[in-house]
Amino acid sequence: MSALITQRSNRRAPTPIEATDAVHLSTTRKRLNAAQRSWLEENGFDAKPGSVCLVPDANGKLARVLVGVDRQDPLAALAGLPLSLPTGEYALAAESVPLNAELAALGWALGCYQYTRYRKARRPGSPLVVSEEIRDTLTPQIEAIYFVRDLVNMPTEELGPKQLSDQIKALGKTYKAKVREWVGDELLEDNFPTIHMVGRASHRPPRLVELTWGKATDPKLVLVGKGVCFDTGGLDLKPSDGMRWMKKDMGGAAHAIALACLVMEAKLPVRLTLLVPAVENAVSGAAMRPGDVVVTRGGHSVEIDNTDAEGRLVLCDALAYAAEQKPELIIDFATLTGAARVALGPDVPALFANDDALAEAALMCSQAVADPVWRLPLWRPYRKLLESYIADFANAGASRHAGAITAALFMERFIPEGMPWLHLDTYAWTDGDRPGRPRGGEAMGLRAMFALLGKRYG
């Protein structure tokens, strides 16, 4: 059953959920009878965010659910309820404190998510009754977020470069889009040397997957996603705790694929190109070495300072190829740096942009849909941190300062002057287990970018 449904005339009325807070709790109490008010006292319900009280009727059956909320965080208001309330259908009561109904419904739907590939769901998520408009608006977004979560949660054994490519091919069939790919040595033949270099050590050959959709006469939009299906760090091997969750290093690709799906589902008037360099950064006799130099598709020579800074290498060839199409806009997603997490924490992706007006529009959209991103600067004096004595520049450097910025500056070199570009350095993961955000894969910045594209092209 869908997390969001609409009311049918022959269906029993859903149980109302009244959202309240400490300021409005006295008003909420006045709507209850004496026995129910006593029940609230016995349960110590104080309307703190996340607190819940199941209110019975005179026969002891569930009559109403009270939930404490923070009105500044509507996405979290109902997110903890669908897997904890008694099984049944629910609806947000009209008496609730003012909430953004769409965001509250989205939070409910995200709270229904469970990854069930290897174990059964602990229980079905209860559905929330909403208007047709809210259901129709949110359903594609919910499916896109579930898609990202599912892909990021999937073990690498089942989601290598080929399987990631298969996901894009399936999308191409659904939306009648054209898909092509370069596999293994075909990457060298068609001048994608850094993608090949990063992925050549794995027994699963690297590839670049391209999907194109839309009218050739429409504005060109290119989405790029980092598809490192597993990252050992290469010869600069990660320690075990750093390698534990590296199945998520294709999270950028998952975001880009999901955003492409939203664009096509919405039929935005764009000429869409999706590019996913899909590799596994492994260790073998064929692995790239620190000190090696590669001449990229963009013509820059790059010294390999650190084989664990591989994401920017696979992306730079894809970005150079994207720029050759002369698009109106390029957006890339990547689980690129731990430095972004140190700066902004696990919940807020770092946003980089080479156009101030574009960045401001992206930030406004992120606020409007409660999908936060935070802009960090392309501080060009930091380019010196990537200097090489034998190549144009290196992929990393000795300094630990400004790691997210230097990674973005590396990639900016492959974007022509004046070509609008957004780069999201996203974690794509939730470490804890919070309402609506269970531990595992997470979509971050996805809805913000879709809102931006809807505003720009809708």
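Between D431 and R439 there is no salt bridge, since no side-chain nitrogen of the basic residue lies less than 4.0 Å from a carboxylate oxygen of the acidic one. The existence of a salt bridge linking E210 and K178 is excluded, since no basic side-chain nitrogen approaches an acidic carboxylate oxygen closer than 4.0 Å. D218 and K215 are not joined by a salt bridge, as no carboxylate oxygen comes within less than 4.0 angstrom of a charged side-chain nitrogen.
Here the side chains of L211 and M264 are in contact, with some heavy-atom distance below 4.5 Å. Here the side chains of W182 and H196 are not in contact, with every heavy-atom distance at 4.5 Å or above. Counting heavy atoms from C-beta outward, M444 and H255 have side chains that approach closer than 4.5 Å. Here the side chains of I330 and L319 are in contact, with some heavy-atom distance below 4.5 Å. Looking at L268 and L453, their side chains come closer than 4.5 Å, going by heavy atoms from C-beta outward. Side-chain contact between L81 and W108 is present, with at least one heavy-atom pair separated by less than 4.5 Å. When side chains are defined from C-beta on, K226 counts as touching T335, because their heavy atoms get closer than 4.5 Å. When side chains are defined from C-beta on, L99 does not count as touching L103, because their heavy atoms never get closer than 4.5 Å.
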- Please lay out, stage by stage, how R297 and E324 fare under the test salt bridge (Lys or Arg N to Asp or Glu O under 4.0 Å). CA-CA 11 Å; R297 184 182 185 90; E324 291 167 16; 2.8 Å; yes

- Would you check, one step at a time, whether the test side chain to side chain contact (heavy atoms under 4.5 Å, CB included) holds for N354 with I415? CA-CA 9 Å; N354 61 359; I415 305 295; 3.8 Å; yes

- Message: Is there a side chain to side chain contact (heavy atoms under 4.5 Å, CB included) between V263 and W213? Walk through the geometry before answering.
- Response: CA-CA 10 Å; V263 167; W213 171 91; 4.2 Å; yes

- Task: Apply the test ring pair (Phe, Tyr, Trp, His ring centres under 6.0 Å) to residues H300 and F414: give CA-CA distance (whole Å), side-chain angles for both, the deciding distance (0.1 Å), then the verdict.
- Result: CA-CA 9 Å; H300 302 292; F414 299 87; 5.1 Å; yes

- Query: Should R375 and E360 be marked as a salt bridge (Lys or Arg N to Asp or Glu O under 4.0 Å) after you check the CA-CA gap, both sets of side-chain angles, and the distance that decides it?
  - Reply: CA-CA 9 Å; R375 190 183 185 188; E360 185 61 29; over 6 Å; no

- Task: Give the C-alpha distance, both sets of side-chain angles, the deciding distance and a yes or no for side chain to side chain contact (heavy atoms under 4.5 Å, CB included) between L386 and N395.
- Result: CA-CA 7 Å; L386 298 180; N395 74 323; over 6 Å; no

- Item | Residues D241, R244; criterion salt bridge (Lys or Arg N to Asp or Glu O under 4.0 Å); working and verdict | CA-CA 5 Å; D241 59 345; R244 175 61 179 89; over 6 Å; no

- Message: Determine whether E442 and V152 satisfy the following criterion, side chain to side chain contact (heavy atoms under 4.5 Å, CB included), listing intermediate values before the conclusion.
- Response: CA-CA 8 Å; E442 186 56 87; V152 177; over 6 Å; no

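Other residues, nucleotides and ligands place no more than 12 heavy atoms under 6.0 Å from the CE atom of M364. Surrounding NZ of K162 are at most 12 heavy atoms belonging to other residues, nucleotides or ligands under 6.0 Å away. Residue Y115 qualifies as enclosed at atom OH: its count of foreign heavy atoms under 6.0 Å is above 12. At most 12 heavy atoms of other shown residues, nucleotides or ligands fall within 6.0 angstrom of atom CD in E157.
For the pair D317 (side chain) and T194 (backbone), a donor-acceptor distance under 3.5 Å is present. A donor-acceptor pair is defined here as one N or O able to donate and one able to accept, closer than 3.5 Å; such a pair exists between the side chain of S301 and the backbone of D392. When atom types are taken as modelled, the side chain of D236 and the backbone of G233 share no donor-acceptor pair closer than 3.5 angstrom. Distance alone, capped at 3.5 Å, places no donor-acceptor pair between the D231 side chain and the D249 backbone. A distance-only check finds a donor-acceptor pair linking the side chain of E186 to the backbone of V183 [under 3.5 Å]. Side-chain atoms of S2 come within 3.5 Å of backbone N or O of L4 as a donor-acceptor pair. In this structure, D332 contributes its side chain and V224 its backbone to no donor-acceptor pair below 3.5 Å. Judged by distance alone, the side chain of N153 and the main-chain N or O of R149 form a donor-acceptor pair under 3.5 Å. Of the possible donor and acceptor atoms, none in the side chain of T139 sits under 3.5 Å from a partner among the backbone N and O of D136. At distances below 3.5 Å, at least one donor-acceptor pair connects side-chain atoms of T156 with backbone N or O atoms of C229.
When all heavy atoms of A318 and I195 are compared, the closest pair comes out as N-CD1, 4.4 Å. The heavy-atom pair separating L315 from A334 by the smallest distance is CD1-CB, 3.6 Å. Listed here is the closest heavy atom pair of L358 and W421: CD2-N, 4.1 Å. Residues G227 and A253 share a closest heavy-atom pair of CA-CB, 3.7 Å. Across all non-hydrogen atoms, the minimal contact from A407 to L336 is CB-CD2, 3.6 Å. Residues G251 and A428 come closest through the heavy atom pair CA-CB, 4.0 Å.
For residues 264-288, the pairs satisfying salt bridge (charged side-chain N to carboxylate O under 4.0 Å, His left out) are R204-E280, with sequence neighbours left out. Residue pairs meeting the salt bridge (charged side-chain N to carboxylate O under 4.0 Å, His left out) criterion with at least one member in residues 447-458, sequence neighbours excluded, are E328-R456.
Within the model, atoms CG of N100 and CG of D73 stand 11.5 Å from one another, a figure rounded to the nearest 0.5 Å. For the atom pair Y382 OH and I405 CD1, the distance stands at 6.0 Å (nearest 0.5 Å). Remark: Y175 OH to L171 CG distance equals 6.5 Å, nearest 0.5 Å. A distance of 6.0 Å separates CD1 of I331 from CG of L223, quoted to the nearest 0.5 Å.
Partners of S388 by side chain to side chain donor-acceptor pair (under 3.5 Å), not counting sequence neighbours, listed by chain and number: E303. Here R383 pairs with E412 under the salt bridge (Lys or Arg N to Asp or Glu O under 4.0 Å) rule; sequence neighbours left out. Applying the salt bridge (Lys or Arg N to Asp or Glu O under 4.0 Å) test to E417 and every residue at least two apart in sequence or in another chain returns nothing.
S165 and E181 form a side-chain donor-acceptor contact under 3.5 Å, judged by distance and modelled atom types alone. Side chains of Y113 and D150: a donor-acceptor N/O pair is present below 3.5 angstrom, by distance only. T137 and E102 share no side-chain donor-acceptor pair at under 3.5 Å.
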Return a table of donor-acceptor pairs under 3.5 angstrom between the side chains of residues 339-352 and protein atoms on other chains or two or more places apart.
residue, atom, partner, partner atom, Å
R341, NH1, D425, O, 3.2
R341, NH2, T337, O, 3.1
R341, NH2, D425, OD1, 2.5
D347, OD1, R434, NH2, 3.0
D347, OD1, R437, NH1, 3.4
D347, OD2, R434, NH1, 3.0

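For the pair R413 and F393, the cation sits on the ring face: its NZ or CZ lies under 6.0 Å from the ring centre, inside 45° of the axis.
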